[in-house]
There are 2 protein chains.
Amino acid sequence: MGRPTMEDVAARAGVSRALVSLVMRGSPKVSEQRRQAVLLAAEELGYSPHAMARSLASATSTVLGAMVSDLHNAFFAEVVEGLEAAASAEGFDLILNTGGRSPSRERRAVDSLLSFRPAGIALLGPVVPASTIASAAAQAPTVLVSRASRLSTVDTVNDDGEAGSGLAVDHLVQLGHRAIAHLDGGNGSQSSLRRKGYVAAMQRNGLQPLVIASEYTDTAGAKAIRALLERGEPLPTAIVAANDFNAVGAISALEDTGLRVPDDVSVVGYDNTSLAALRHVSLTTVDQPRNEMGRLAAEALLERVRGQRSEAMHRWLHPSLVVRATTSPPSR
Amino acid sequence: MGRPTMEDVAARAGVSRALVSLVMRGSPKVSEQRRQAVLLAAEELGYSPHAMARSLASATSTVLGAMVSDLHNAFFAEVVEGLEAAASAEGFDLILNTGGRSPSRERRAVDSLLSFRPAGIALLGPVVPASTIASAAAQAPTVLVSRASRLSTVDTVNDDGEAGSGLAVDHLVQLGHRAIAHLDGGNGSQSSLRRKGYVAAMQRNGLQPLVIASEYTDTAGAKAIRALLERGEPLPTAIVAANDFNAVGAISALEDTGLRVPDDVSVVGYDNTSLAALRHVSLTTVDQPRNEMGRLAAEALLERVRGQRSEAMHRWLHPSLVVRATTSPPSR
DNA sequence: TCCAACCAATAGAGCGCTCTAACGCAGGAC
DNA sequence: GTCCTGCGTTAGAGCGCTCTATTGGTTGGA
């Protein structure tokens, strides 16, 4: 009864527990003969090492933890892929957790991760206060993804939202647009950067910025368009939306009033979610290198774990534009 | 240096380590005075219990593990919410893992979860062979979600896909449709149940079934529609799609040929993903009680953990229809 | 007054593993 | 023959906690 332990394997193979431990960790200082005997015994007993006992004894963990603020957002799914790939390539296991975009739940989630004493943790799009992040960073190397921080103890990996909006504006300007509005992401993560980038790009092109308050949802996007229509001013010929959801909401509100996208109004999204790629939507949008962000986050943690670096690292990745069917030269 | 241990807290509070242990586990047999002293000391030191040492010592884990086959699928995100809620209500922590819909990666993911010796594990939409599931079930109570199994050692929680397709067909028949086609989900999970339900409902209504091969993606949905058009036969007035993605692909292919949804053709999806709820899409679809599925999965595990049940439990949940804007009476 | 009963608190073993130090044994140098 | 070196192997302590058994102190009933 009970799962077999290292002791059981040792007894069966006729060696000591320590030798089994060496074999399990792939040590070179074991004779081939003994190694085979141990592996055979382990196989026969269906033995697999007890990760918790191991990390308790070694005081060094081979586990990385990641708190995903929002599992519904496919954005993070791809960041996780990148994390996973980089972690497992270095022999680390990744365990996940979710915080549901609620500060208190995220806090508990982070505590729960830390209770496993992981080698490091990644927080993906966390909404917790900086103090919570600081106290987590005091317990294990910590990296933030999609969240900036000036803390000297945490690393960050972000998309350069300012540059991303700039790409969108430049693309539209190149198509011949001059009246380009921006739907602002409100208090969504990174939204102020995106707004800043939009305003800067407009000014750089000698154009007048027009920012409409909105949020990171499709209903908010639709509402913003209706608000824009009610102004009675001539409608812009192009829209730089806060993100993809926001863009899709804007598109449907435009179409509701008989306007056609992109014939009457061009629309650019942000994030290049799977939604944008659907042929029914086919949204021109700004792509963040999500997979790469995950990979860099994992590498940042591993560098800290190995003591190769102790100052904070802040990476800003360059987004790129994905041109699809919702942008075209203005008809007017 | 290093994180504070129970011993540190005990020393600071002037009590024994065992007493601190009792306080941490909320035992009633501790005087209020000592309890306060211990809590204060723990607070001051920033102590939090070491989950792995705890489970090692107690041989009983308060951790549930879940392997999510596909993080990109928002379906599982909501199942996880349900799992999480039920688990934390009972004092269990949930850790996640992902297998990327690859049998070998999923196998490793399951092994990794088991190495934490969790009280039980949930496999969400796994694609591993039954033998892998059986060997996991031998190590910890196991429940499958969105995957059927006849193994007597595992519990399952599934949506009744047969009933779901029936709901879709009945809804369309009630609107007056008689020529209703089904886009089949191919080897996607549960697709054969959905097809079976469709065929049965058609026959029950005295109608001729028409099944078109397809898959669970939007491009496959579009392709299936094009295949249907090339047949040269009169087009059905309604489509029961394999799932929401498939439906959206079908809709865009229909619109590409100048047909209007729902005026010319009604379309019903399956899964009620967030995509279906977008106003731009507004898809009539079949909803699975995802949250409830997660909750039931957690409860199934906890019953096993507590030894309240040892025979397998197989739950089939009733889906419901969500009527939106892609279905209407036929024009012809 | 005494002992049983109860309660808060503790000592100490042990969960399954890793790691340090030490061991025995081979081979080579002196 | 002795000493050293190097290598494969092992004993044993200890990681941070839980749990059983036990202690000492109070209480209440006979």
Side-chain angles (χ1 to χ4, degrees), chain A residues 1-39 41-42 45-63 91 93 114-119 139-140, chain B residues 1-39 41-42 45-63 91 93 114-119 139-140:
Chain A
M1 34 148 287
R3 299 199 46 181
T5 75
M6 200 166 253
E7 204 78 52
D8 299 331
V9 177
R12 183 170 191 116
V15 299
S16 71
R17 173 169 34 80
L19 209 247
V20 177
S21 173
L22 290 174
V23 172
M24 288 301 151
R25 285 174 290 147
S27 163
K29 38 177 88 175
V30 176
S31 69
E32 194 51 33
Q33 177 196 352
R34 303 277 177 133
R35 177 190 308 284
Q36 292 305 332
V38 167
L39 290 177
L45 292 174
Y47 171 81
S48 76
H50 190 313
M52 319 187 84
R54 164 176 292 180
S55 84
L56 183 60
S58 67
T60 74
S61 160
T62 62
V63 172
D93 275 341
L114 287 172
S115 76
F116 288 97
R117 300 297 189 273
Q139 302 188 44
Chain B
M1 37 151 289
R3 298 199 47 179
T5 75
M6 202 167 252
E7 204 79 51
D8 299 329
V9 176
R12 182 170 191 115
V15 299
S16 71
R17 173 169 35 80
L19 208 248
V20 176
S21 172
L22 291 174
V23 171
M24 287 302 150
R25 284 173 289 148
S27 162
K29 39 177 87 178
V30 176
S31 70
E32 194 50 32
Q33 178 196 353
R34 302 274 178 137
R35 178 190 307 283
Q36 292 305 333
V38 167
L39 290 177
L45 292 175
Y47 170 81
S48 77
H50 191 312
M52 320 188 83
R54 165 176 292 179
S55 85
L56 183 60
S58 67
T60 73
S61 160
T62 63
V63 171
D93 275 342
L114 287 172
S115 77
F116 289 97
R117 301 296 190 271
Q139 302 188 45

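Side chains are part of it too, since the values below use all heavy atoms of this structure and drop only hydrogens, waters and symmetry mates. All chains are named by letter (A, B, ...) in the order of the sequence lines, taking the proteins before the strands, and each is independently numbered beginning at 1.
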Given the rule in the side-chain hydrogen bond (donor to acceptor under 3.5 Å, both in side chains) test, do B:Ser61 and B:Arg54 qualify, once you have shown the distances and angles that lead to the verdict? CA-CA 8 Å; B:Ser61 160; B:Arg54 165 176 292 179; over 6 Å; no

Expected output is a numbered-order residue list: members of residues 48-63 of chain A with a heavy atom under 4.0 Å from any atom of DNA chain D. What is it? A:Leu56, A:Ala57

Qualifying residues under salt bridge (charged side-chain N to carboxylate O under 4.0 Å, His left out), relative to B:Arg34, sequence neighbours excluded: none

Residues A:Pro49 and B:Ser115: closest non-hydrogen pair is O-CB, 4.1 Å

Closest non-hydrogen atom pair, A:Ser55 against B:Met52: OG-SD, 3.2 Å

Could you pick out which residue, B:Leu22 or A:Met6, lies toward the 5' side of DNA chain C when each is mapped onto its nearest nucleotide? B:Leu22

Contact list (N/O, under 3.5 angstrom) for nucleotides 23-27 of chain C vs protein:
none

With a 4.0 Å heavy-atom cut-off, tell me which residues in residues 30-39 of chain B come close to DNA chain C, sorted by residue number. B:Val30, B:Ser31, B:Arg34

So with a 6.0 Å cut-off around CD of B:Gln33, is the heavy-atom count from everything else above 12? no

Kindly give the heavy-atom pair with the smallest separation between B:Leu45 and B:Pro4, and that separation in Å. O-CG, 3.3 Å

Anything under 3.5 Å between a donor and an acceptor, one on a side chain of residues 11-27 of chain B, the other on a protein residue two or more places apart or in another chain? List them.
residue	atom	partner	partner atom	Å
B:Arg12	NE	B:Glu44	OE1	2.5
B:Arg12	NH2	B:Glu44	OE1	3.0
B:Ser16	OG	B:Leu19	N	3.3
B:Arg17	NE	B:Glu7	OE1	3.0
B:Ser21	OG	B:Arg25	NE	3.2
B:Ser21	OG	B:Arg25	NH2	2.7
B:Arg25	NE	B:Ser21	O	3.3
B:Ser27	OG	B:Lys29	N	3.1

For the atom pair NE2 (B:His50) and CG (B:Leu56), what is the distance rounded to the nearest 0.5 Å? 9.5 Å

Can you name the nearest heavy-atom pair linking A:Leu114 to A:Ala140, along with the distance? CD2-CB, 3.9 Å

If you assign each of B:Lys29 and A:Ala18 to its closest nucleotide in DNA chain C, which residue comes earlier from the 5' end? B:Lys29

What I'd like to find out is whether the side chain of A:Tyr47 reaches to under 4.5 Å of the side chain of A:Arg3, using heavy atoms alone. no

Does anyone know the first and last nucleotide of DNA chain D in reach of chain B, 5' to 3', at under 4.0 angstrom to a heavy atom? D:dG16 to D:dC19

